[in-house]
Amino acid sequence: MAVDSCLDDLPITYLKGVGEKVAEKLQRLGIVTVADMLFHLPFRYEDRTQVVPIGSLKPGDSCLFEGQVELAEVVYRGRRSMLVRLSDHTGFITLRFFHFSNSQKEAMQRGQWLRCFGDIKSYSKQGVADVVHPEYQLISEAQRGQIEQGLLAVYPVTDGLHQASFRKLIKQAFLLLQQGATVRDCLPQQVLQASGFPSLVDSLQQLHFPETLPALEVSKTPSFKRLIFEELLANHLSLSRLKEGVQRNAAPSFRSAGNSQARFLASLGFELTTAQSRVSQEIMSDLSQTIPMQRLLQGDVGSGKTVVAACAALAATEAGYQVAIMAPTELLAEQHFKNFKGWLDDMDVQVDWLVGQHKGKVYDAITADIREGRSNIVIGTQALFQDKVSFAQLGLVIIDEQHRFGVHQRLALRDKGVVGGLYPHQLVMTATPIPRTLAMLGYADLDLSVIDELPPGRTPVTTTVVPISKRARIIERINKGVEEGRQVYWVCTLIEESEALQCQAAEVAAELLKECLPSLAIGLVHGRMKADEKQAVMQQFKNKKLQILVATTVIEVGVDVPNASLMVIENAERLGLAQLHQLRGRVGRGTRDSHCVLMYKSPLSKNGNERLSIMRETTDGFKIAEKDLQLRGAGELLGKRQAGFMRFKVADIERDAEMLEQVAECAEEILHKQADLVGPLVHRWIANSVEYAQV
Ligand code: ADP
Ligand code: MG
């Protein structure tokens, strides 16, 4: 090896003891080069800096102790084992071995000194401590107390490779560094200086061979923080690269004359809010480019995203392109379908919808229309992903309620639309407000537009939290509400895994309400009904033929009936904040005061109590999301999309959230000024774990 060898390029087989077999095992841990070995970090440390007198060993401790063999015997109590009794003038301890060789047994001569490390289990009735399979070494009396300095790192291991092997390999790697080899430091000099991070080698040295247990949590030490920073940075960069990759593609440019849009807006009966106009313009400007738009449209429930989506869709259809709109549920797909059809029917735009229930001739007819270009706007669920569905000229993909879709699905839909080398534009809409820092990390591949105001005349929903024991009072209140001309949602929730039970609960609730309120028209929708049945009931509710709609959480997303101004949610304590916020967003859509009653079953857990309290205190989706982040954690908040993405080696998105802003700034710098660092960083931290890093 040349003295200036870079360990990033040096295969792991260079190290002593790594043949083909071991290399294969290491590869399973993502270790391919010697540098990778350095990044295989310990997950804890053992304190071997002190020899603990046997007399003061406590159960539960992991300690180093030394003692002299008093007696070694092989016993057959159920199982053959070797018991070694050790003493050091302060007490006795029993070492217990179930696997041992003859030579091990031979070595346990009376008077032999041993140095051991192990977990102290329990005390026997005689008060003798017990330890099973300690690590041990034979020492001479003169060697007593002569222990290595420092803490011992404990590594994640894999089948057939032990701690000791990892320790040896890592020692070898550091030896190479001492001999002049290098490992690539991927942080720009300015960042190192500004943040006071140690150099990479110092960081790694500290983490593998700390001298003392850090006074702080390990994750708070500068050495560790530096690595966390790198990992977050690598993630950010990989998403940026993903975005750049997409932007190298060409897209059709829609320079809409705006005629159809103007007609559409004029037909609405309301003016766009300032925020809606602003984001519409942002979108139009993207659509006029020849690179694919990748925009996230974020707006709280009821902020009017659908109208904005329709404007975008019109720009595409006017240019002769098709639009695919993806919704997470059939109910919502159908609602969008009805809305779009109502809005656009007299504008020579053919709107179709395609969901799972479309079969046979109907299915064939719709897919033929899509394939042959007669459909201008197609609204659907996952069904749009099917291989059998192909578009004549797809120009824009709109995905509603993004948190339900994964990044892979998004990319799949995009690829479906490639025609003549042109990629469709993408608009992703979500009502889940994502704290800014998280958005920077989780959605770095999307540009962001925010609708930050609600249409005028909305009054915030008043929320009350009541125990289920007050059910009769609530039913009374519903009755009053209906007399005032209100429509009511009654939402049933149950253990989420069982849709069947949830539907049953809704049926029971509907029966009960019918009994209590015999003069009212009460409808029921749940997930097990056929889509046309569901739709028929929804339509009746919309047309005010029904006063009360009993529903499962199928109505959670997107359902829009402005005259509904009272909502009761049963077992609200079972739902997460995001879901509660979504549900509550179904009321407060009209101009009259709206109310939401959160009914819970006592006793409330602390967490449940906190959730319901925040719901009572605020309707601000942003505040609710922040609280959600605090209570639930980031991984869940960002949803499945992040499942692959959030598996960090050293970072913890909640714990390290405060770093994200600096990470984002640094990523910008690197992308503009030191693009050569992107590859190595992404490779080092992500290449082996996240497939889409390579896109
Ligand atoms: P969301 O952002 O939750 O998808 P919707 O697009 O469903 O919201 O809009 C909620 C309701 O507000 C709909 O009834 C819609 O027609 C209405 N709406 C949208 N924009 C405006 C506006 N600028 N003024 C008045 N009402 C509006
Ligand atoms: Mg919506």
Side-chain angles (χ1 to χ4, degrees), residues 261-262 264-283 295-314 323 325-329 331-344 351 377 379 398-405 427-434 448-461 487 489 538-539 541-544 553-565 567 578-592 594 596 619-622 624-625:
Q261 256 178 49
F264 163 62
L265 291 176
S267 73
L268 275 179
F270 53 74
E271 303 263 306
L272 292 189
T273 61
T274 318
Q276 281 172 315
S277 307
R278 187 189 64 242
V279 301
S280 278
Q281 261 154 31
E282 285 165 3
I283 292 166
R295 193 167 278 281
L296 177 67
L297 173 57
Q298 188 183 306
D300 209 344
V301 277
S303 61
K305 294 182 290 294
T306 321
V307 179
V308 173
C311 288
L314 283 173
V323 181
I325 302 179
M326 290 274 301
T329 64
L331 197 61
L332 189 53
E334 190 156 8
Q335 179 182 289
H336 279 332
F337 171 64
K338 294 262 147 98
N339 269 338
F340 275 73
K341 218 170 155 51
W343 285 333
L344 309 178
V351 184
I377 297 177
I379 298 166
I398 299 176
I399 301 177
D400 197 8
E401 310 297 350
Q402 144 80 4
H403 56 293
R404 304 237 168 161
F405 291 109
L427 180 65
V428 171
M429 305 198 290
T430 178
T432 313
I434 298 150
L448 183 65
S449 287
V450 182
I451 305 184
D452 52 6
E453 77 185 297
L454 293 178
R458 301 265 171 95
T459 49
V461 183
Q487 284 176 285
Y489 290 107
M538 285 308 297
Q539 205 52 49
F541 190 57
K542 223 169 184 157
N543 297 341
K544 305 189 188 171
T553 46
V554 291
I555 60 151
E556 167 193 345
V557 185
V559 168
D560 185 41
V561 180
N563 190 52
S565 61
M567 173 175 277
Q579 216 179 359
L580 284 170
H581 182 64
Q582 280 287 335
L583 277 172
R584 186 172 57 182
R586 301 307 116 217
V587 291
R589 302 195 147 230
T591 45
R592 87 188 298 169
S594 294
C596 179
T619 51
D620 182 336
F622 199 79
I624 290 171

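Both counts, for ligands and for their atoms, begin at 1 and track the order of listing.
For Q487 (side chain) and F541 (main-chain N/O), a donor-acceptor pair under 3.5 Å exists by modelled atom type. In this structure, E453 contributes its side chain and T273 its backbone to no donor-acceptor pair below 3.5 Å. In this structure a side-chain-to-backbone donor-acceptor pair under 3.5 Å is missing from R584 to M567.
Applying side-chain hydrogen bond (donor to acceptor under 3.5 Å, both in side chains) to S449 and the options Q298, K305, R295, Q281 leaves one that passes, R295.
Among the atoms of G304, some N or O lies under 3.5 angstrom from an N or O of ligand 1. For a threshold of 3.5 Å applied to N or O pairs, the pair formed by F270 and ligand 1 contains no separation below that value.
Counting the atoms of ligand 1 from 1 in the order shown, those under 4.0 Å from a heavy atom of L272 are 23 (N). Under a 4.0 Å criterion applied to the non-hydrogen atoms of E271, ligand 1 contributes the atoms 22 (C), 23 (N), 24 (N). The ligand atoms of ligand 1 that sit less than 4.0 angstrom from a heavy atom of T273 are 23 (N). With ligand atoms numbered from 1 in the order given, ligand 1 contributes 4 (O), 5 (P), 6 (O), 7 (O) to contacts under 4.0 Å with heavy atoms of T306. Numbered from 1 in the order shown, with element, the atoms of ligand 1 that lie under 4.0 Å from a heavy atom of S303 read 2 (O), 8 (O).
Minimum interatomic distance between V308 and I451 (heavy atoms only, all atoms of both residues): CG2-CD1, 4.1 Å.
Using a 4.5 Å cut-off on side-chain heavy atoms (C-beta onward), I377 and H336 make no contact.
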